[in-house]
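Presented below is the structure to which this report refers.
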Amino acid sequence: MGRTLLLGMIVATVATTHAPLLRAAVAPHAPHSLPAAKAPGRLLEDSLLGHSGKLRARFLPPAEAEQLEKALGDMRAVPAPSASQARIASLQVLPMVPFEEKVRGRVGLYRMGYWPGEKRTRGGMYDNPLGFLQVTPENQDLFVSEHFRLRDFVTKDQFAVWPKYLVLREALIDKLELTIDELQSMGLNVTHLTVMSGFRHPAYNEQGVGKGGRARDSRHQFGDAADVFADNDRDGMLDDLDGDGRVTIRDGNLMVRAVERVEAKYPALTGGMGRYHATHAHGPFVHVDVRGTTARWGGA
């Protein structure tokens, strides 16, 4: 969901007691006309907590983050809030570091390289990110949703450099939470997805570009893609989901089916999906993204 639409939905659907406050907070971003809220609070919950209802953080440019934080702060002061209001009020609002603070391929000491849109005009889903989330030793364990932390999505390099910087879209987190829900609805006891690869800054992504490797315009650079596998025991390998005593591509196929079902239910989360076989370096996994158009590869 676009930032303007997101903030507009807050205005359109917030509970009556908080409408004036949030309307004032987001007025500069609200569209001129908004759909009537047939179920007060429902769209608000979808907008701020995601379709899954499990988001715990929202990421916005600094001015918008400040406005939303003020509005949520007022909600937190209300005695005896409803369960829905309490979940919304507990959200963490993380301000983005503006993209313009990246100088000569770095933000501070953290090397990131150059996005495709900086080298050639692409536009659309290949626009440069709005900004970055700052990740520190103190906030890396922050839960951005029920099952996922900031550190799950950080590029796996520059381990001694702090702070790190991350591009991450809430829609991706929401889709991963819904995938866990869908696997459970299929009768599979999945409570954890390991993110093998989340955000990959361009300098890191470029190291693997080539035939059979990473795409030069990989969605991982835009914070809306993750390579994941069900991993309840946290052993770093896909679990035996079909119960046949082995971990094979058939277990990956169950994940593919779950993601397909999520996209069928939530078209706004449509994206790419790739199925990957095990190698000497890793077990089977599935690429999931929210690019906005359908893409499939690897037999997915």
Side-chain angles (χ1 to χ4, degrees), residues 57-59 61 92 94-119 122 125-145 147-176 192-210 212-229 231 234 236-237 271-274 276 279 281-283 285-291:
R58 299 306 307 233
F59 321 135
Q92 296 284 321
L94 303 184
M96 295 178 180
V97 174
F99 186 80
E100 292 72 25
E101 291 199 18
K102 184 174 71 70
V103 178
R104 297 187 182 90
R106 293 177 182 265
V107 183
L109 297 177
Y110 193 72
R111 182 171 59 93
M112 304 190 85
Y114 298 89
W115 266 258
E118 296 181 88
K119 297 180 178 180
R122 291 293 302 271
M125 64 181 180
Y126 294 101
D127 281 341
N128 296 330
L130 284 175
F132 312 110
L133 300 177
Q134 186 181 78
V135 183
T136 68
E138 293 74 28
N139 77 358
Q140 63 176 325
D141 287 319
L142 174 73
F143 278 96
V144 293
S145 70
H147 293 97
F148 298 97
R149 307 179 192 216
L150 271 179
R151 68 178 182 183
D152 293 327
F153 300 94
V154 172
T155 303
K156 293 178 171 60
D157 75 338
Q158 303 175 82
F159 297 106
V161 178
W162 296 96
K164 306 178 190 299
Y165 293 89
L166 166 68
V167 179
L168 183 60
R169 286 186 54 199
E170 298 100 325
L172 171 66
I173 307 168
D174 197 24
K175 188 172 185 177
L176 296 179
H192 177 74
L193 294 184
T194 286
V195 179
M196 188 172 78
S197 181
F199 171 60
R200 296 200 297 254
H201 58 68
Y204 183 84
N205 187 74
E206 190 174 0
Q207 298 172 21
V209 171
R214 301 167 185 163
R216 190 170 301 279
D217 292 341
S218 169
R219 296 311 307 169
H220 287 269
Q221 299 170 101
F222 298 91
D224 60 15
D227 299 335
V228 298
F229 51 88
D231 186 20
R234 272 68 161 188
M237 294 288 289
M273 178 163 57
Y276 290 83
T279 70
H282 59 71
F285 68 89
V286 175
H287 168 104
V288 179
D289 70 52
V290 287
R291 68 182 68 189

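Keep in mind that this is a model prediction, so the values were computed, not measured.
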Where Val167 and Gly131 come nearest, the two heavy atoms and their spacing: CG2-O, 4.0 Å
Results of salt bridge (charged side-chain N to carboxylate O under 4.0 Å, His left out) for Glu101 - residues two or more places apart only: none
N/O donor-acceptor pair under 3.5 Å between Tyr110 side chain and Pro163 backbone: no
Minimal non-hydrogen separation, Ala57 against Phe59, with atom names: CB-CE2, 3.8 Å
Side-chain heavy atoms of Phe132 within contact of Leu166, under 4.5 Å: no
Distance in Å, Leu168 CG paired with Phe222 CZ, rounded so as to fall on 0.5 Å steps: 14.5 Å
Side chain to side chain donor-acceptor pair (under 3.5 Å) involving Asp152 - partner list, sequence neighbours excluded: none
Taking every non-hydrogen atom, the tightest pair across Ala226 and Val195: CB-CG1, 4.2 Å
Lys102/Glu118 salt bridge by N-O under 4.0 Å criterion: yes
Side chains of Val97 and Leu133 in contact at under 4.5 Å (non-hydrogen atoms): no
Qualifying residues under side-chain contact (heavy atoms from CB on, under 4.5 Å), relative to Asn139, sequence neighbours excluded: Val135, Thr136, Leu150
Set of residues satisfying side-chain contact (heavy atoms from CB on, under 4.5 Å) with respect to Phe143, sequence neighbours excluded: Arg56, Arg149
From CA spacing to verdict: side-chain contact (heavy atoms from CB on, under 4.5 Å), Leu130, Met96: CA-CA 8 Å; Leu130 284 175; Met96 295 178 180; 3.9 Å; yes
Asp289 (side chain) donor-acceptor with Asp224 (main chain) under 3.5 angstrom: no
Least distance between heavy atoms, Lys156 atom then Met196 atom: NZ-O, 3.0 Å
Contact check, side chains of Phe199 and Val154, non-hydrogen atoms, under 4.5 Å: no
Full working for side-chain contact (heavy atoms from CB on, under 4.5 Å) between Val286 and Val288: CA-CA 6 Å; Val286 175; Val288 179; 4.0 Å; yes
Residue list, side-chain contact (heavy atoms from CB on, under 4.5 Å) with His192, at least two apart or on another chain: Thr194, Asp231, Asn232, Arg234
side-chain contact (heavy atoms from CB on, under 4.5 Å) between Val290 and Asp174, intermediate numbers included: CA-CA 10 Å; Val290 287; Asp174 197 24; over 6 Å; no
Distance, nearest 0.5 Å, that separates CG of Asn205 from CD of Gln207: 9.0 Å
Gap between atom CZ of Phe159 and atom CH2 of Trp162 - 0.5 Å precision: 10.0 Å
Minimum-distance pair of heavy atoms, taken over all atoms of Met112 and Pro202: O-CD, 3.1 Å
Cationic tip of Arg200 above Tyr204 ring, under 6.0 Å, 45° of axis: no
Steps toward side-chain contact (heavy atoms from CB on, under 4.5 Å) verdict (Phe229, Leu193): CA-CA 5 Å; Phe229 51 88; Leu193 294 184; over 6 Å; no
Inter-residue atom distance Leu94.CG - Gln134.CD, 0.5 Å rounding: 10.5 Å
Contacts of type side chain to side chain donor-acceptor pair (under 3.5 Å), residue Lys164, not counting sequence neighbours: none
Check: Thr155 side chain, Asp157 main-chain N or O, donor-acceptor pair, under 3.5 Å: no
Sub-6.0 Å ring centroid separation between Phe285 and Tyr276: yes
Ring-ring centroid check Trp115 Phe99, cutoff 6.0 Å: yes
Nearest-0.5 Å distance, NE2 of residue His287 to OG of residue Ser218: 6.5 Å
Validation row, ring centre His220 to ring centre His201 under 6.0 Å: no
